[in-house]
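Accompanying notes for the structure given below.
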Amino acid sequence: MLESTIMKNKENAIKDIDVLIPKLQSKDAENMKLTRVMQFVFIPIILLFAVLFIAFPDTESGVNLRLAGAFCIPGFLIFLIYFSYYYQKYKSVNYSDSVKSVLQSAEKRFRFWHPIYLVVFIAIILVGVGLGLIFTPMLPELWSSIIVTATVIVVLLGFSFGFYVGYKQWEKESKPLLMATKKLLKELNESY
Amino acid sequence: MTKKKAKFKTIIKENEQKILGICRHYSSNDEDLKDMYQEVLINIWKSIDSFRGDAQLSTWIYRVAVNTVLGFTNKEIRRQKLFLNQSDPSWQNLADIDENTAKEKEELFQILENQINQLSVIDKIIMSLVLESVSYKEISVVIGITEPNLRVKIHRIKNELKEAIINV
């Protein structure tokens, strides 16, 4: 009965493709948009920092601003590269690979920790240090070390909480998929 | 973009039955079939630029279809059921069923379908490709294992299915 329904609707299926294609094209455009948005956000910021803090820093602020620029610019560059390249690569699945290759990629994707996170973490530190070098001299001298210490503690607590929440989410959603994928790979790798 | 659209339409028109064949085995109703079929089309669209002509188009299509089915039910991957089509005689080849077998065809079909759904996910995928009369060489390329390894797996599965029929 299923087969006869399919045969009857063959013409409709072809027509459905004509309806589907514009949606697919707009989805492609949407995905490109995210990469473009990130590039348009980070490129002007990098140029702004390069001009303000490296090429033409305020001479009254001395070496501080140049140092701030030297920290922030590499940090933003890392974010730009991450969102331009690694994010797309990480999120996409190549369905035309063999089943074994797709499972191997999925196994890597479902892991909790990826080495690229270390690079992104370093970028966050760099930007943090850079922004600290910019804003700390603006603070009243009496309070500056207290405020800086408090800010660092709050940021570290925030990161720790974020890490914990991220781990719990991974444990609930991705870990079962990781275990299932590993089991399938083990079965595929069995040789007789 | 027009070139991609034309290529996509040609590929789908020439391979629609192959895609439907795979999707049919994993759909219990028309609605599921339609959803799964559309998901395969989406993934063919996404992967179309990666087809370089280094593998057969049918192999490439089967890879996308099978990988889509694997990912379609996401967390339910372990419980994904394989549905056989009783009107298509190819199911009898799964366990080398003799025309003269005493048991009724209906009974045999039920036993076989139950037993096939005890198989692992990979074994079910392999058997769905066997049901589509895909060559062993092509199945091994789709799955990503060697042909001798595949033949041993299929031989083992067929023996398990035969035993299930004898022992019931």
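Hydrogens, waters and symmetry mates play no part in the numbers below; they use all other heavy atoms, side chains included. Note that the coordinates shown come from a computational prediction; the quantities given were computed from them, not determined experimentally. To find a chain, count down the sequence lines: A is the first, B the second, and so on, and within it residues start at 1.
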Quiz item: Under a 4.5 Å heavy-atom cut-off, does chain A meet the side chain of B/Val66, its backbone, both or neither?
Solution: side chain

Quiz item: Should B/Arg151 and B/Glu147 count as an ion pair when the cut-off is N to O under 4.0 Å?
Solution: yes

Quiz item: Does A/Ile78 belong to the same Ile/Leu/Val/Met/Phe/Trp/Tyr cluster as A/Ile125, with side-chain heavy atoms less than 4.5 Å apart forming each link?
Solution: yes

Quiz prompt | Under 4.5 Å from a heavy atom of chain A, the part of B/Ile145 involved | solution = side chain

Practice problem: Flag the pair B/Ile12 / B/Ile19 as yes when at least one side-chain heavy-atom distance between them is below 4.5 Å, and no otherwise. | Solution: yes

Quiz item: At a heavy-atom separation under 4.5 Å, does A/Ser96 approach chain B through its side chain, its backbone, both, or neither?
Solution: both

Quiz item: Would you call B/Lys34-B/Glu31 a salt bridge at under 4.0 Å N-O?
Solution: no

